[in-house]
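Before any comments, here is the structure.
Just so it is clear, the values below take in all heavy atoms, side chains as well, and ignore hydrogens, waters and symmetry mates. Throughout, a chain's letter reflects where its sequence line sits, starting with A, and its residues are numbered from 1.
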Amino acid sequence: MSDPLVRFQEVQLGYGRQVVLENVQLDIFRGDFFGLVGPNGSGKTTLLRCLLGILKPLSGEITRSAGLRIGYVPQREMLDPRFPLTALDIVLMGRYPCAGVFRSPRRADRDFAMQCLQQVGLADVAHKLYRELSGGQRQRVLIARALAVEPNLLVLDEPTNGLDLPTEAAILGLIEQLHAQSGLTIVLVSHVLNVVARYATRMGVLLDGRLLVGDAEELMQEQVLEEVYGVPVCVQRLDHHYIVAVREIEEACSDE
Amino acid sequence: MSDWLETWQSPMVQDALRVGIVLAIVAGYLGIYVVLKRIVFVGAALAQVSAAGVALAFLVGWNPLLSATLFALAGSLFFAQSWSDRRMSREAVIGAVFLTFSALTVLLASKGAHGMEEVQHLLAGDILAVAPEEVWRIWILGVLVLVAFLLLRKEFLLVAFDAETAQALGYRTRWWEFAFYLMLGGLIGAVIHLVGLVLIFGYLVLPAMGALLLCRHVASAAAVAIVNALLATVAGLLISVVFDLPTTATILALMSAIAALEGLASAAMSHSSR
């Protein structure tokens, strides 16, 4: 197997004296679709920030392959839509590092940004203001911006939050397409278990300050998820889909 | 009629006009980022911190410009920090800084040679009292700040809009934040003892507000903010000369009126487009 794009070796993550995750061992290989799940406050964001290089580990080593370019798609809710920026303006931000300080993006950067918008199906709204776009369109704009970096690793933080079912399916379909057709390595952070289990080739589950890594079949087990979430769950498999329900509700429904 | 024309053409008014024009351009432009970054009261707090620096300078006999600038730079360093992991909200801290340095300014000035008159001057300023040698200093500083900001505008915009992605792209956002506050603080520190706290605060807020209500893009908003500020400055100076009104208040009133009109125009345009 080739060298991983990113390797976490015995990494301890946290802030100051507060340790959030211990002994993290994780390899992300080229072509992976890695899904990271866990309850609120389990350390997903901490691990993500470390992966992006924003947060330094408390101990251990994180190795990144030479020439690694990470395209990051943040949570939509973190951005202020009142900024008077068009979809193209935002996607162009992905080209800023190429342009360099003191220089404006060139014509070639603008053309590439337009291509990225086209790739996500939004070429026709390039000059529309970000605040005038729907939630799904805004999410696509952020994905296009990440693509403008020309990444070999795409990291998405909760990309389907607040989206209705068809829009969620469309966004996930786009991500899957980027993985399958463009060969992009994906790291998807989500609290929606069935979404991650459906699409990821490998999963990471955060439990009691540790990261468990495996495939969906290994980790989407009732005893594993009960330990992670602290509630009794029921897991059913339907084709490629996992359906996870909290057991009390499932029993209440069956009583009716 | 000829009286006010003679007054208008006097060196005192022409110097005030020159200072006003450079402030209108630079602060009008920076104001776009101040409003978008939601740091409006940081501008006021920095202005107050600078005012305390001036009050201290007059009390102990230091150079007021140097003192104001040093205080402003220290304030910039303080406000450039990240506040996401703190126990107290950023707004509360800004308020506390504003109030603390307001009190300090009054206390220091009360012991100075001119007492409360100095406090009044620091608050309201007097653009008409700018000395000729100050005009060129402010122009040089203004041009430097504007050129630096124009060259770095895309990085400032990215950090303002999405600091986390900026970090993921390799930008050291803390340094960019500090650079922004440094320019803002430097500008405020350099002019506070000349034009007063209220006027510089007004330049950083009102023209940008009106422009952002009216315009759909950052670039056009910046241009309109500068026009707003220039219009208010020139007309404000002229009206204050003709009708013998306080200059600072006249300029501010015009800035407010322009912002209000642009707000109404924006509301009318949205209504008609439905």
Side-chain angles (χ1 to χ4, degrees), chain A residues 15-16 18 45-46 48-55 68-86 88-105 109 127-132 141-142 145-146 148-151 153-157, chain B residues 31-40 82 84-87 147-176 179 208-225 262 266 269-270 273-274:
Chain A
Y15 305 91
Q18 187 199 1
T45 302
T46 305
L48 188 69
R49 288 169 63 86
C50 232
L51 174 66
L52 294 170
I54 293 172
L55 185 68
L68 178 69
R69 286 186 309 280
I70 301 178
Y72 174 50
V73 184
Q75 292 189 35
R76 263 184 349 272
E77 298 76 26
M78 304 300 288
L79 306 180
D80 185 352
R82 291 183 303 176
F83 271 68
L85 297 166
T86 64
L88 183 60
D89 289 335
I90 291 171
V91 177
L92 206 47
M93 288 176 176
R95 303 298 296 168
Y96 285 177
C98 295
V101 180
F102 302 126
R103 289 193 187 136
S104 294
D109 292 314
H127 300 290
K128 260 190 120 170
L129 286 176
Y130 180 73
R131 64 173 177 249
E132 293 171 349
V141 167
L142 298 180
R145 183 179 65 173
V149 174
E150 295 182 86
L153 171 61
L154 189 68
V155 177
L156 304 107
D157 190 1
Chain B
I32 291 289
Y33 291 82
V34 167
V35 173
L36 285 177
K37 284 166 72 78
R38 303 195 200 194
I39 56 167
V40 164
S82 162
S84 57
D85 300 323
R86 308 290 171 105
R87 286 183 300 167
V147 168
F149 209 89
L150 284 171
L151 289 173
L152 301 172
R153 68 186 183 282
K154 70 180 196 295
E155 282 79 15
F156 285 133
L157 187 62
L158 172 60
V159 171
F161 178 63
D162 190 353
E164 197 172 53
T165 298
Q167 283 182 293
L169 288 172
Y171 289 96
R172 290 185 158 189
T173 52
R174 280 198 177 178
W175 287 105
W176 285 100
M209 238 182 74
L212 285 167
L213 284 169
L214 198 63
C215 300
R216 289 169 57 85
H217 301 106
V218 173
S220 51
V224 170
E262 286 171 338
S266 170
M269 285 189 307
S270 329
S273 67
R274 282 191 202 144

Check your understanding: Near A:Arg103 CZ, under 6.0 Å, is it more than 12 heavy atoms from other residues, nucleotides or ligands?
Key -> no

**Study point:** Listed partners of B:Arg172 passing side chain to side chain contact (heavy atoms under 4.5 Å, CB included), at least two apart
**Key:** B:Trp175

Check your understanding: Partners of A:Leu68 by side chain to side chain contact (heavy atoms under 4.5 Å, CB included), sequence neighbours excluded?
Key -> A:Leu5, A:Val6, A:Arg64, A:Ser65, A:Ile70, A:Asn152, A:Leu153

Practice item. Please report the C-alpha distance between A:Met93 and B:Leu157 in whole Å, then the side-chain angles of each, then the deciding distance to 0.1 Å, and finally whether the side chain to side chain contact (heavy atoms under 4.5 Å, CB included) criterion is met. Key: CA-CA 9 Å; A:Met93 288 176 176; B:Leu157 187 62; 4.3 Å; yes

What part of [X] gets closer than 4.5 Å to chain A, counting heavy atoms only: side chain, backbone, both or neither?
| X | answer |
| --- | --- |
| B:Ala160 | both |
| B:Leu36 | both |
| B:Leu150 | neither |

Review point. Where on A:Arg145 is there a heavy atom nearer than 4.5 Å to chain B: the side chain, the backbone, both, or neither?
Key: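 Contact with chain B involves the side chain of A:Arg145 alone.
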
Check your understanding: Are there residues of residues 217-225 of chain B that reach to under 4.5 Å of chain A by heavy atoms, and which ones?
Key ->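 Under the 4.5 Å heavy-atom cut-off, B:His217, B:Val218 qualify.
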
Review point. Does a donor on one side chain and an acceptor on the other come within less than 3.5 Å for A:Tyr72 and B:Glu164?
Key: yes

**Study point:** Nearest-0.5 Å distance, CD of residue B:Glu155 to CZ of residue A:Phe102
**Key:** 8.5 Å

Review point. Rounded to the nearest 0.5 Å, how far does CD1 of A:Ile90 lie from CG of B:Asp162?
Key: 9.0 Å

Review point. Who among B:Gln167, B:Arg38, B:Lys154 has the most heavy-atom pairs with chain A under 4.5 Å?
Key: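 Top count of heavy-atom pairs under 4.5 Å with chain A: B:Lys154.
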
Exercise for review: Provide the closest heavy-atom pair for A:Pro84 versus B:Leu212 in the form atom of the first, atom of the second, distance.
Suggested key: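 That closest heavy-atom pairing would be CG-CD2, 3.9 Å.
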
Check your understanding: If contact means a heavy atom pair closer than 4.5 Å, which residues of residues 94-101 of chain A contact chain B?
Key -> A:Tyr96, A:Pro97, A:Ala99, A:Gly100, A:Val101

